[in-house]
Amino acid sequence: MDLLEYQGKQLFARHGLRVSQGKPVTNVQDAVTAAAEVGYPVVVKAQVLIGGRGKAGGVKLAADESELREHAANILGMDIKGHTVRTVWIEHASDIASEYYASVLLDRSAKKPLVMFSVEGGVDIEEVAEKTPEKLIRHHVDPLAGLTRADALRIASEGGADRDVVEGVADALIALYEVWMQEDATLAEINPLIVTPEREVKALDSKVSLDGNALYRHPENQSLSDSENEDPLERRAKEEGVQYVKLDGDIGILGNGAGLVMSTLDVVSQAGGAPANFLDAGGGSNAETIRQAVDLILANEAVRAVLVNIFAGITRCDEVALGLIGAFEQIKPSVPFVVRLDGTNDAEGRRLLQEAALPNVHAATTMSEAAEMVVALAAGQSVGAPA
Ligand code: GDP
Ligand code: MN
């Protein structure tokens with residue numbers, strides 16, 4: 001679950017990281033009020049879940065009200081790499097002496113938290129990592145000991161932080177580690193972490209992802225998830241308890257088990273198709289789950305064909321078939337389906353489907369055959385006799 005910059009900064013502030021005072025607003029008039037409150041000069045910042053806002057024109061300084069009106073009007077409604085700006089954050093502008101970089105994430109291969117720090121902040125950190133890796137300090141943390149003050153001080157000084165702010169940077173790293181650990185974040189990043197001319201160390205930006213599966217431990221963070229920026233279909237799926245991720249393509253995917261669904265996405269891509277979603281109906285899915293899943297997939301208007309790929313263990317293929325038959329009765333899909341049923345009760349499932357003679361439903365026996373069929377169908381080609 002990704003947070004908007006200002007939501008991340010609010011978390012930062014709770015853990016003692018320095019941030020500028022600001023307000024999120026959704027129209028120019030409120031922006032004017034907010035700017036008067038935080039005091040000019042202000043910075044107007046697009047709140048979208050994508051980086052590189054500055055380069056895209058989504059971050060602007062305003063010295064007075066007329067500049068503020070101009071920038072707020074321009075940025076609200078702006079499209080940044082496919083994300084529409086609905087909220088801007090108005091904060092008091094900072095003077096910048098240096099721009100550093102700091103982050104904490106989980107290094108899965110090392111099975112440890114990883115703290116990274118660089119004095120080459122403000123820019124694309126991947127570029128720093130690639131061209132001048134010696135300028136990016138990487139420190140693995142013993143999760144039982146946590147990030148000690150001695151560690152943080154060493155990271156800051158080895159990373160080349162100005163001598164007079166080594167303490168301040170260490171404080172920021174410790175607070176950032178605390179955010180990551182205590183809030184169950186998967187990523188906590190500050191780029192840039194600035195040093196002001198007064199030698200204050202401050203988070204000017206934030207990128208925070210929280211672990212959705214740990215959200216039940218943080219009721220106070222729950223409201224962050226239902227921001228208007230979430231895809232409406234993904235929100236609906238969450239409410240229904242379905243694992244659904246919207247993608248850019250036109251082939252709806254329904255499978256059971258995350259691994260199977262991921263390989264289905266791969267096989268469809270390999271066959272030249274573009275998946276419209278990830279949907280894991282889960283192990284032991286019954287007829288009702290399947291009906292709900294079909295409904296969700298077809299709610300995405302981009303879908304031109306659907307691939308149902310079931311490998312049944314606990315799940316029973318006859319239940320899946322009944323779910324599909326139920327879904328067809330209720331929804332009457334207008335797009336073709338390819339169905340591959342394999343595993344527990346697959347013969348019974350296929351028999352039920354055949355008897356129901358659902359319109360425009362095609363049976364496949366292997367995954368690659370299914371993928372090729374669905375790609376052809378999505379492109380408007382025919383694929384031989386229906387099931
Ligand atoms: P991003 O482009 O999405 O990473 O957005 P950032 O919040 O990192 O802002 C981009 C850049 O805008 C920063 O690296 C700064 O150089 C500049 N910027 C942002 N806020 C301020 C500010 O308060 N004062 C000044 N002088 N520059 C700012
Ligand atoms: Mn940034």
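When a ligand or atom number is given, it counts from 1 through the structure's own listing order.
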S.K.: Closest to the Mn ion (ligand 2), which N/O/S atom of Asp205 is it?
M.R.: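 Answer by atom name: OD2.
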S.K.: Start with the C-alpha gap between Asp266 and Ser263, add the side-chain angles, then the distance that decides, and say whether side chain to side chain donor-acceptor pair (under 3.5 Å) holds.
M.R.: CA-CA 5 Å; Asp266 286 347; Ser263 31; over 6 Å; no
S.K.: Would you say the rings of Phe278 and Tyr244 are close, in the sense that their centroids are separated by under 6.0 Å?
M.R.: no
S.K.: Note the single closest protein heavy atom to atom 6 (P) of ligand 1, along with its residue, its atom name and the distance in Å.
M.R.: Asp205 OD2, 3.5 Å
S.K.: I need the atoms of ligand 1 closer than 4.0 Å to a non-hydrogen atom of Ser94, numbered in the order shown.
M.R.: 22 (C), 23 (O), 24 (N), 25 (C), 26 (N)
S.K.: Does this structure show an ion pair linking Lys60 with Glu70, if we count only N-O contacts that are shorter than 4.0 Å?
M.R.: no
S.K.: List every atom of ligand 1 that sits less than 4.0 Å from any heavy atom of Val43, numbering the atoms from 1 in the order shown and giving each element.
M.R.: 20 (N), 23 (O)
S.K.: Tell me the nearest of Gly22, Gly54, Ser20 to atom 2 (O) of ligand 1, using heavy-atom distances.
M.R.: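 The nearest heavy atom belongs to Gly54.
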S.K.: Establish whether atom 17 (C) of ligand 1 and some protein heavy atom are separated by less than 4.0 angstrom.
M.R.: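 No, there is no protein heavy atom closer to it than 4.0 Å.
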S.K.: Atoms of ligand 1 less than 4.0 Å from Asn191 heavy atoms?
M.R.: 8 (O)
S.K.: Could you tell me whether the side chain of Arg316 and the main chain of Thr344 form a donor-acceptor pair under 3.5 Å?
M.R.: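 Not at all, since once roles are kept as given, no pair shorter than 3.5 Å links the two residues.
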S.K.: Begin from the C-alpha positions of Asp2 and Ser209 and carry the test side chain to side chain donor-acceptor pair (under 3.5 Å) through to its verdict.
M.R.: CA-CA 4 Å; Asp2 298 336; Ser209 297; 2.7 Å; yes
S.K.: Looking only at protein heavy atoms, which one is nearest to atom 7 (O) of ligand 1, and how far off is it?
M.R.: Lys45 NZ, 2.6 Å
S.K.: Tell me the protein heavy atom at minimum distance from atom 20 (N) of ligand 1, and give that distance in Å.
M.R.: Leu204 CD2, 3.4 Å
S.K.: Could you tell me the residue and atom name of the protein heavy atom closest to atom 27 (N) of ligand 1, and the distance to it rounded to 0.1 Å?
M.R.: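 Protein heavy atom with the smallest distance to atom 27 (N) of ligand 1: Ile96 CD1, 3.4 Å.
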S.K.: To which of Arg53, Lys60, Glu99 does the heavy atom nearest atom 3 (O) of ligand 1 belong?
M.R.: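 Checking each option, the heavy atom nearest atom 3 (O) of ligand 1 is found in Arg53.
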S.K.: Under 4.5 Å side-chain heavy-atom separation, chaining through any Ile, Leu, Val, Met, Phe, Trp or Tyr, what else clusters with Val166? Say none if it is isolated.
M.R.: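 Result for Val166 is Leu153.
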S.K.: Would you say Asp164 has more than 12 foreign heavy atoms packed within less than 6.0 Å of its CG?
M.R.: yes
S.K.: Are any non-hydrogen side-chain atoms of Leu279 and Ile297 less than 4.5 angstrom apart?
M.R.: yes
S.K.: On the 0 to 90° scale, with breaks at 30° and 60°, tag the Phe328-Phe337 ring pair as parallel, tilted or perpendicular.
M.R.: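 Judged by the thresholds at 30° and 60°, the geometry between Phe328 and Phe337 is perpendicular.
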S.K.: Considering only heavy atoms of Pro192, which atoms of ligand 1 have at least one such atom less than 4.0 Å away?
M.R.: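 Near Pro192, meaning under 4.0 Å from one of its heavy atoms, ligand 1 has 8 (O), 14 (O).
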S.K.: For ligand 1, which atoms sit closer than 4.0 Å to a heavy atom of Ala93?
M.R.: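 What qualifies from ligand 1 is 23 (O).
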S.K.: Could you tell me the residue and atom name of the protein heavy atom closest to atom 12 (O) of ligand 1, and the distance to it rounded to 0.1 Å?
M.R.: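 Minimum-distance protein heavy atom for atom 12 (O) of ligand 1 reads Val59 CG1, 3.9 Å.
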